[in-house]
There are 2 protein chains.
Amino acid sequence: MARTQGSHSDITGPRIDAAALRLFAQFGFAAVSMRQIAGEVGVQAGALYNYTPDKQTLLFRLMRGHMEELLAARAARDAPEADPLDRLRDFVRFHIRFHLERPDEVFIAYMELRNLSEENFAAIEALRRRYEDGLEAILRQGVAAGRFTVPDPKIATLAVIAMLNGVNTWYRSGGRLTLAEVETIYWDMVRKAVAA
Amino acid sequence: MARTQGSHSDITGPRIDAAALRLFAQFGFAAVSMRQIAGEVGVQAGALYNYTPDKQTLLFRLMRGHMEELLAARAARDAPEADPLDRLRDFVRFHIRFHLERPDEVFIAYMELRNLSEENFAAIEALRRRYEDGLEAILRQGVAAGRFTVPDPKIATLAVIAMLNGVNTWYRSGGRLTLAEVETIYWDMVRKAVAA
DNA sequence: AGGCTATCTGAACACGTGTTCAGATAAAAG
DNA sequence: CTTTTATCTGAACACGTGTTCAGATAGCCT
């Protein structure tokens with residue numbers, strides 16, 4: 001089994017992940033070859049197969065790692081007892097910040113789903129739904145408390161997340177707006193969109 | 001020059017476009033071969049080169065055709081003299097309907113940009129910006145008239161479009177909601193998000 | 001009928017693909 | 001120092017890639 005005893009390079013695995021992540025995000029999964037990834041790491045293509053059974057599983061592990069980090073980071077912040085408005089604001093700010101910090105992971109997780117096997121696709125979709133359910137719960141809580149007016153919380157969830165994801169397509173740090181300004185603008189729109 | 005006189009098959013060009021569109025949307029540009037497209041049409045791969053100089057240009061023509069249809073359809077509907085609220089509502093309804101009617105084109109136009117050459121990429125981006133500018137003009141008109149409160153019309157434009165594009169990822173005709181219901185739900189959210 | 005020409009075939013070219021594996025390498029364990 | 005073991009190399013396998021082009025084909029025009 002790989003990696004059971006320390007040996008020449010305990011950091012090859014992470015370096016493969018980093019190289020694959022960057023290349024997949026830039027050129028697309030199908031357009032990147034195992035030799036290209038290996039070249040970036042400084043090994044031959046065959047060596048990659050000590051770390052992944054095949055190319056598709058390498059992609060899957062990257063996606064799953066990203067989604068699990070997302071869920072863990074979110075769970076560590078959420079305060080289910082708090083005011084719905086506060087929870088929603090925190091969700092918006094968290095989502096924007098977390099995704100802007102990981103543009104490559106986000107890009108891959110949304111664009112390369114069709115390159116997964118059926119089971120792996122289902123696994124990623126399940127993780128994504130868990131994340132969406134977190135937002136939906138906030139919206140339902142706000143509706144129940146009479147603070148939000150949302151005719152269809154499921155659709156509103158998808159609409160809010162789609163809107164927030166859009167930030168990743170245009171935001172560049174050092175650009176016209178600071179991260180804090182972006183957070184404020186989007187929070188204003190979300191707040192108003194669900195307002196009672 | 002091709003297609004100057006009617007001959008055995010005046011419909012091969014469109015059939016190639018339709019096959020390429022479907023396959024690119026389903027498997028991705030890089031994962032679809034010219035032989036696969038040709039097979040769908042019922043010709044050999046070499047025959048495709050009577051209709052496109054290369055694979056990438058085939059993709060580009062599909063994208064450009066889609067964007068030009070989008071702009072033309074929008075221009076045919078917009079009424080610059082009308083009330084900003086009416087114009088915005090029409091934009092929302094138009095955008096949802098137009099995009100839901102062309103899921104493959106939309107998918108390709110948003111996912112395969114990185115497979116275009118630099119000039120072709122710039123051409124598509126210019127068309128997209130023209131479309132976005134149409135919405136931005138509506139928002140600015142509404143702000144000037146004191147009907148909307150939008151701190152940054154450029155960002156609001158991108159946010160609204162991102163939100164509306166999200167519909168394509170989940171809507172299925174015959175599902176829980178009718179197209180009219182979807183239009184109403186999204187229009188409510190957009191209206192409130194930009195409300196004065 | 002005969003020539004013209006747009007279109008298509010089928011083979012070829014040069015190269016890239018994911019994956020496998022016997023043998024080399026070098027670090028850790030005894 | 002010797003053995004063990006994880007790791008890597010380098011070549012090979014079987015096949016697929018976009019693209020080109022000489023030659024065949026068949027509909028249109030005179």
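No hydrogens, no waters, no symmetry mates; every other heavy atom, side chains included, goes into these values. In what follows, chains are A, B, ... by sequence order, proteins preceding strands, each numbered from 1.
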Give the rounded distance in Å between these two atoms: [atom1] of [X] and [atom2] of [N].
{"X": "B:Gln44", "N": "D:dG23", "atom1": "CD", "atom2": "P", "value": "19 Å"}
{"X": "B:Met34", "N": "C:dG16", "atom1": "CE", "atom2": "C1'", "value": "17 Å"}
{"X": "B:Lys55", "N": "D:dG18", "atom1": "NZ", "atom2": "P", "value": "4 Å"}
{"X": "B:Asn50", "N": "D:dT19", "atom1": "CG", "atom2": "P", "value": "14 Å"}
{"X": "A:Ile37", "N": "C:dT19", "atom1": "CD1", "atom2": "C1'", "value": "13 Å"}
{"X": "B:Phe27", "N": "D:dT17", "atom1": "CZ", "atom2": "P", "value": "12 Å"}
{"X": "A:Phe29", "N": "C:dT17", "atom1": "CZ", "atom2": "C1'", "value": "12 Å"}
{"X": "B:Leu58", "N": "D:dG18", "atom1": "CG", "atom2": "P", "value": "11 Å"}

- Message: Can you say whether a donor on the side chain of A:Arg35 sits under 3.5 Å from an acceptor on the base of C:dG16, or the other way round?
- Response: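 Such a pair does not exist between side chain and base.
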- Task: For A:Leu48 and for B:Gly46, locate the closest nucleotide of DNA chain D by heavy-atom distance; then report the residue assigned to the nucleotide nearer the 5' terminus.
- Result: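 With A:Leu48 and B:Gly46 compared, the 5'-side residue is A:Leu48.
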Which listed nucleotide ([options]) is nearest to the side chain of [X]?
{"X": "A:Ala47", "options": "D:dT19, D:dC8, C:dT19", "result": "D:dC8"}
{"X": "B:Ala45", "options": "D:dT9, C:dT19, D:dT19", "result": "D:dT19"}
{"X": "A:Tyr49", "options": "D:dT17, C:dT20, D:dT19", "result": "C:dT20"}

Report yes if at least one side-chain N or O of [X] is closer than 4.0 Å to OP1 or OP2 of [N]; otherwise report no.
{"X": "A:Tyr51", "N": "D:dA6", "result": "no"}
{"X": "B:Ser33", "N": "D:dG16", "result": "no"}
{"X": "A:Thr12", "N": "D:dA6", "result": "no"}

- Query: Would you say the side-chain atoms of A:Arg114 and B:Gln26 include a donor-acceptor pair closer than 3.5 Å?
  - Reply: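 There is no such pair between these side chains.
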- With no hydrogens and no angle check, do the side chains of B:Asn120 and B:Gln56 hold a donor and an acceptor under 3.5 Å apart? yes
- Message: Tell me if the centroids of the rings in A:His99 and A:Phe94 come within less than 6.0 Å of each other.
- Response: no
- Between A:Phe98 and A:Tyr131, does the ring centroid distance fall short of 6.0 Å? no
- Item | Pi-cation contact, B:Tyr110 with B:Arg128 (under 6.0 Å, within 45°) | yes
- Message: Students often get this wrong, so: under 4.0 angstrom with heavy atoms, is B:Val41 touching a base, only sugar-phosphate, or nothing?
- Response: nothing
